[in-house]
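Data first, discussion second: the structure below is written as structure tokens.
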Amino acid sequence: MKYEFKYEDKNYELNNENIIELINDEENPIEGLNVDKILELLNESKEVDFQKAYYDTPCEICNENFKEKKSISEYLEYYFYVYSKNGKYIISDISKEYEGLTFNRLELEGKVDNSYIATIIVCANCSEYIIQIEQLEV
């Protein structure tokens, strides 16, 4: 499984070979949401739009990502929301099945009971990436 996108004339590919780490929420990890599932969700959605993001830490793979006097590193970032029931992945806000739904509606219907944010952070230089999943309070 892979996901490809273009940003400012550069092609990026996310796959199982260039992921640095998938960080699942430490206190309440979500089951059933792995790298392949996230890449599948990205491929199914027409809403994915990576934006520039800057962090004060370099890419741990290439260590070449510093801009402007080596004080910030340039990344591409995209995030979306995922919802679970009893700790298991149910749906995301970029899933085709989610159209016309809201977390509150799904929660009232008893289909979900928890929400998370999944953030994909891609090194703008070497294309290595991490996925971070954190529990949210909605």
Please check if the side chain of [X] supplies one atom and the backbone of [Y] the other of a donor-acceptor pair under 3.5 Å.
| X | Y | result |
| --- | --- | --- |
| Asn125 | Cys62 | no |
| Tyr7 | Ala124 | no |
| Tyr83 | Thr102 | no |
| Ser45 | Glu47 | yes |
| Asn43 | Glu40 | no |
| Asn16 | Ile19 | no |
| Lys111 | Lys85 | no |

Would you confirm whether the ring centroid of Phe103 sits within less than 6.0 angstrom of the ring centroid of Tyr81?
->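 Here the rings of Phe103 and Tyr81 have centres that are no less than 6.0 Å from each other.
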Would you please indicate if the ring centroids of Tyr12 and Tyr129 are separated by under 6.0 Å?
->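 Ring centres of Tyr129 and Tyr12 not closer than 6.0 Å.
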If you take all heavy atoms of [X] and [Y], which pair is closest and at what distance?
| X | Y | value |
| --- | --- | --- |
| Glu97 | Leu101 | O-CD1, 3.4 Å |
| Cys59 | Cys123 | CB-SG, 3.7 Å |
| Lys37 | Gly32 | CG-O, 4.1 Å |
| Ser95 | Tyr89 | OG-OH, 3.5 Å |
| Glu13 | Asn18 | O-ND2, 2.7 Å |
| Glu74 | Tyr54 | OE2-OH, 3.4 Å |

Beyond-backbone contact of [X] with [Y], side-chain heavy atoms, under 4.5 angstrom:
| X | Y | value |
| --- | --- | --- |
| Tyr78 | Leu42 | yes |
| Glu77 | Thr119 | yes |
| Lys88 | Asn86 | no |

Once you round to the nearest 0.5 Å, how far does [atom1] of [X] lie from [atom2] of [Y]?
| X | Y | atom1 | atom2 | result |
| --- | --- | --- | --- | --- |
| Ile61 | Ser127 | CD1 | OG | 12.0 Å |
| Met1 | Asn34 | CE | CG | 9.5 Å |
| Ile131 | Ile120 | CD1 | CD1 | 5.5 Å |
| Leu41 | Lys96 | CG | NZ | 10.5 Å |
| Ile30 | Asn24 | CD1 | CG | 7.0 Å |
| Ile130 | Leu14 | CD1 | CG | 12.0 Å |

Test log, rule side-chain contact (heavy atoms from CB on, under 4.5 Å), inputs Phe5 and Leu76 | CA-CA 11 Å; Phe5 69 98; Leu76 300 175; 3.8 Å; yes
What's the verdict on side-chain contact (heavy atoms from CB on, under 4.5 Å) for Val112 and Ser84, showing C-alpha distance, side-chain angles and the deciding distance?
-> CA-CA 5 Å; Val112 299; Ser84 67; over 6 Å; no
[atom1] of [X]: more than 12 outside heavy atoms within 6.0 angstrom?
| X | atom1 | answer |
| --- | --- | --- |
| Glu99 | CD | no |
| Tyr79 | OH | no |
| Glu109 | CD | yes |

Check whether the side chains of Gln135 and Asn114 place a donor and an acceptor atom closer than 3.5 Å, and report yes or no.
->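 Per modelled atom types, Gln135 and Asn114 side chains form a pair under 3.5 Å.
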Mind running side-chain contact (heavy atoms from CB on, under 4.5 Å) on Tyr3 and Val48 for me, showing each step along the way?
-> CA-CA 11 Å; Tyr3 175 74; Val48 177; 3.3 Å; yes
Take Ile90 and Leu106 through the side-chain contact (heavy atoms from CB on, under 4.5 Å) test and state the conclusion after the steps.
-> CA-CA 10 Å; Ile90 300 295; Leu106 290 169; over 6 Å; no
